[in-house]
Each structure stands twice: as structure tokens, then as C-alpha cells.
Amino acid sequence: MITKTRETEINKCAKCGKCRSICPVFIETGNESMVARGRISLAEALRDGEIFYTKQLRDYLLSCKKCLRCSSICPSGVDYDFIIQTMTDDLANHIGIWLIPRIILQLFLPRRRLFNLLLKSASAFQRIVPLKRHGAMRHLPLMFMDGRWIPPLAKEFVLDKYRTTKKIHNPKMRVGFYVGCLINYVYTDIADAVVEVLHHLDVEVIIPSKQLCCGIPARSLGDVKTARKLAETNVRVFEEAQVDFIITACATCGRTLKRDYHHILGDRSQKFREKLYDISEFIEKYFTYKLQPLTTKISYHDPCHLHWGQNISKQPRDILRRSAQFQEMETPERCCGGGGIFNILHYDLSMKIGEHKARTIEKSGAKAVATGCPGCRMQIEDLLASRGSEITCVHTIQVLRDAMVSAR
């Protein structure tokens with residue numbers, strides 16, 4: 001058995017260029033250094049001593065959206081994400097991580113109470129800032145660079161709200177809910193829908209209050225130590241909860257927990273990962289239920305980390321077809337332009353990539369668009385708000401919850 005290394009993955013690349021046809025960054029920039037083939041050439045040059053670990057190389061690496069499209073189309077099966085991740089890890093060791101992100105990653109993220117204090121302070125500040133644009137989007141200069149627009153932070157966080165587990169009489173199963181940062185701090189309505197749906201299905205929902213960030217921000221910047229610390233805590237916390245399954249409603253968190261924890265912790269995370277399900281995947285596999293379909297016409301956007309990262313696209317559509325008047329949009333799997341760190345560092349390019357998504361949503365004639373990722377929801381809300389659109393964006397589980405309520 002050949003052990004996967006950066007070199008073995010680099011050698012698989014035939015430089016055929018198929019990645020150019022689907023890379024959202026290359027499509028907009030035409031920059032060969034910003035497509036998988038080009039970044040693999042940079043990896044070869046780095047290996048051969050032709051270039052070195054520099055801030056410029058970091059810029060090229062962090063311009064990758066990690067949408068995973070290149071790996072899905074690669075005829076040679078190159079694990080491009082593995083190449084980029086190992087290069088990013090080495091880069092962080094050589095030139096370090098920016099000061100403010102390093103402080104947030106290493107001081108705040110592993111300490112839930114401290115991170116809560118930071119976010120509660122930001123939430124209080126945000127409420128005094130006047131609305132600037134349609135869609136209730138506010139500017140939060142203390143948290144993001146370059147005029148990043150985000151929705152209001154929640155007044156009450158999910159992990160505070162659900163500290164006490166509601167007991168279900170003769171539950172079918174006990175399920176742990178991995179919440180994730182965006183749902184915990186911003187889109188608490190998604191968590192409410194998850195809990196309500198699972199309770200309706202006679203499932204007892206345990207939300208461990210000591211769970212932490214999945215670690216994707218640390219992974220994205222090459223902070224291996226912090227990513228490992230977060231992963232170890234999350235695995236231990238859910239093991240102690242003694243649940244039958246673990247579900248998440250965030251595509252990026254789900255992909256990180258399922259795939260990256262194997263690379264970070266090895267076999268230590270195996271039992272944890274075997275219990276993991278995306279909420280749509282979990283419901284479609286284990287339950288039948290009655291609904292009263294909504295009359296609202298709803299379309300669906302495939303999150304990259306759900307479609308390409310976890311091979312989940314049928315299940316959310318099955319839910320939506322039964323729950324509402326479903327209308328497929330053109331190229332629903334095309335990236336919306338979000339992407340965490342990428343969205344912060346390359347906001348203008350992020351919005352440019354997303355213009356196509358906004359147009360296809362509007363063209364679908366839907367009154368709402370559902371998705372399985374709070375990060376995509378944030379991006380789509382920003383895109384639609386910038387166009388003055390009245391179309392709303394929701395999570396798939398919220399549509400299911402509303403159809404369940406209508407059937408009662």
C-alpha cells in the first residue's frame with residue numbers, strides 16, 4: 001500500500017487542464033497560478049528550490065476557494081486539497097500566521113467562554129450600527145476587513161439556549177447535534193428547526209455545551225496545533241455524550257469532521273466519524289414522516305462541501321420536493337463564491353463569482369432558495385441584498401420544519 005504524500009499526489013497530475021474549466025477563481029481571473037494545475041506547478045517549483053515560502057506564495061494558496069470541484073473532475077484522481085493543505089501547513093511553519101488571526105485561533109477558539117465574550121461584545125456593538133443595505137446586513141469593522149457585510153449576530157447563542165436537554169418519552173434514538181460557529185452565533189433559527197424536526201420524529205437531541213469550532217479556520221491558515229486541539233475536544237465531548245448518532249446542519253463543518261479529523265487524529269476519530277451525518281442525509285436514511293407541502297416556490301443551491309465534499313445532493317432535493325413547490329435552478333452546483341477565509345481576503349472576487357448564482361436564483365422564479373450550509377446562506381443573502389432582491393435564503397431543514405408544522 002502506497003502512503004499518500006504530497007509528492008505522490010503531485011506526480012499524479014498530468015497537467016491536462018481540465019481543472020481550468022470548472023475552477024471558479026480561474027474562470028473569473030484567468031490566472032494560471034490560481035487554478036489547481038498552476039498551484040501544483042508551484043508545489044513542484046517549491047520542491048525543486050526554484051521558489052520559496054513567501055507572502056506571495058501564501059496569497060496564491062489562500063486564493064483557492066477549496067470548493068473541491070477540481071478533484072471531482074480530475075481524471076487522474078489527484079487529491080488537490082491534500083496538496084494545498086500540506087503546503088499551507090509548511091508555509092505557516094516558515095513564515096507564520098498573521099497576528100490577529102493567530103490571536104483569535106490560538107487564544108479565543110479553544111476557549112468557549114472567551115470566544116463567547118468576544119462575540120457578545122461584537123453583537124452589542126453591532127446593534128448600535130445603523131442598517132446600511134436592504135436585507136438587514138450590517139457592517140462589522142471590528143471583525144472583518146474591507147467592508148465585509150454580515151447578518152446580525154444572535155442575542156442568544158445556541159449553546160446557551162439549549163443547555164438543558166428536553167427529555168423525550170421513549171425516544172427512538174439519542175442524537176448529538178454538532179452546531180458549528182455560524183449556526184451557534186448567527187443563524188440560530190437553523191438550530192431551532194433542527195431541534196424541532198428531530199423532536200417531532202421522537203428523537204432526543206443532546207447539544208453538548210463544551211463543543212468547539214470544527215477547526216476549519218485553523219486548518220485553512222495552517223495552524224495544525226490549534227486544529228488538533230479543537231478536534232480532540234470535539235471527539236471527547238461527543239464520546240462522553242454517549243449518543244447513537246451525531247448530526248450537523250453545516251456542510252463545511254460536516255466535511256471537516258468527516259474527512260479532516262481522519263488526517264488530524266487518525267484512528268482516534270474513527271468511531272466519532274462513523275456516527276456523523278448531515279441532517280438531510282440522516283433524516284432521509286432513518287425516517288418517514290407526514291407533510292403538508294408549502295405553496296411557496298423554492299429552489300436549491302448545492303453547497304460545494306455538501307455536494308462535492310460529501311456526495312450529498314439527492315437527499316435535500318427529496319426533502320424539498322415533498323415539502324414545497326420545488327423549482328430547480330440552472331447549474332445549482334455552481335459555487336456561490338463564499339468560502340470562509342477566501343471570502344474575507346478576496347471579497348470583491350467572491351462577490352464576482354457569486355453574481356452568476358444570484359442571477360440563476362432570480363431566473364428560477366423561486367420566492368426562496370434553500371441550501372445546506374450557513375456559509376452559503378450568508379453569501380447568498382449578501383448577493384441578493386446587494387441586488388435589492390426580495391428572495392429569501394433558508395436552510396433545507398427549515399423548509400421541512402414548516403411543512404411538518406402545516407401537517408399538524
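Throughout, residue positions are numbered sequentially from 1 according to the sequence presented.
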Q) Who pairs with E328 by side chain to side chain donor-acceptor pair (under 3.5 Å), at least two apart in sequence or on another chain? A) R317
Q) Is there a donor-acceptor pair closer than 3.5 Å between any side-chain N or O of Q310 and the backbone N or O of A251? A) yes
Q) Does any N or O in the side chain of Y178 come within less than 3.5 Å of the main-chain N or O of C214, such that one atom is a donor and the other an acceptor? A) yes
(Q) Please report whether the ring centroid of F177 lies less than 6.0 Å from that of Y162. (A) no
(Q) Show me the pairs that pass salt bridge (Lys or Arg N to Asp or Glu O under 4.0 Å) and involve residues 84-108, at least two apart or across chains. (A) R6-D90
Q: Using atom types as modelled and distance alone, determine if a side-chain donor or acceptor of R39 lies under 3.5 Å from a backbone N or O of L61.
A: no
Q. Mind checking whether S313 and Y300 have side chains closer than 4.5 Å, heavy atoms only?
A. no
Side chains of residues 289-298: which donor-acceptor pairs under 3.5 Å do they make with residues two or more places apart or in other chains?
{"unit_1": "Y289", "atom_1": "OH", "unit_2": "E284", "atom_2": "OE2", "d": "2.7"}
{"unit_1": "Y289", "atom_1": "OH", "unit_2": "R322", "atom_2": "NH2", "d": "2.6"}

Q.
For the backbone of R334 and the side chain of K357, can you confirm whether one donor and one acceptor N or O come within less than 3.5 Å of each other?
A. yes
Q | Exam field: side chain S364 to backbone S299, donor-acceptor pair closer than 3.5 Å | A | no
Q | Beyond-backbone contact of K65 with H346, side-chain heavy atoms, under 4.5 angstrom | A | no
Q. Which residues pass the side chain to side chain contact (heavy atoms under 4.5 Å, CB included) test with H200, sequence neighbours left out?
A. M404, R408
Q: For D244, enumerate each residue passing the salt bridge (charged side-chain N to carboxylate O under 4.0 Å, His left out) test, keeping only those at least two apart in sequence or located in another chain.
A: none
Q | Any donor-acceptor N/O pair, E362 side chain to I391 backbone, under 3.5 Å | A | no
Q: Identify the residue among P332, C336, C373 that makes a side chain to side chain contact (heavy atoms under 4.5 Å, CB included) with H301.
A: C336
Q: With side chain to side chain contact (heavy atoms under 4.5 Å, CB included) as the test, would you mind laying out the steps for Q398 and I190 before giving the verdict?
A: CA-CA 7 Å; Q398 292 174 284; I190 296 175; 3.9 Å; yes
Q: Flag the pair E32 and R20 as a salt bridge only when some basic side-chain nitrogen lies within less than 4.0 angstrom of an acidic carboxylate oxygen.
A: yes
Q. Would you say R37's side chain and K15's backbone share a donor-acceptor pair under 3.5 angstrom?
A. yes
Q. Going by heavy atoms in the side chains, are D260 and R255 under 4.5 Å from each other?
A. yes
**Q.** Test item: L198 and I279 side chains (from C-beta on) under 4.5 Å apart, heavy atoms
**A.** yes
Q: Check for a donor-acceptor pair, side chain of D278 on one end and backbone N or O of G254 on the other, with a separation under 3.5 Å.
A: no
Q: Before accepting this row, confirm whether a basic side-chain N of the pair E9/K12 lies closer than 4.0 Å to the acidic partner's carboxylate O.
A: yes
Q: Supply the atom-to-atom distance I264 CD1 to S269 OG, rounded to the nearest 0.5 angstrom.
A: 8.5 Å
(Q) Nearest 0.5 Å, please: how far is CG in L383 from OG in S350? (A) 7.0 Å
Q: Name all residues meeting the salt bridge (charged side-chain N to carboxylate O under 4.0 Å, His left out) criterion together with D79; count only those two or more places apart in sequence or in a different chain, and write none if there are none.
A: K4, R259
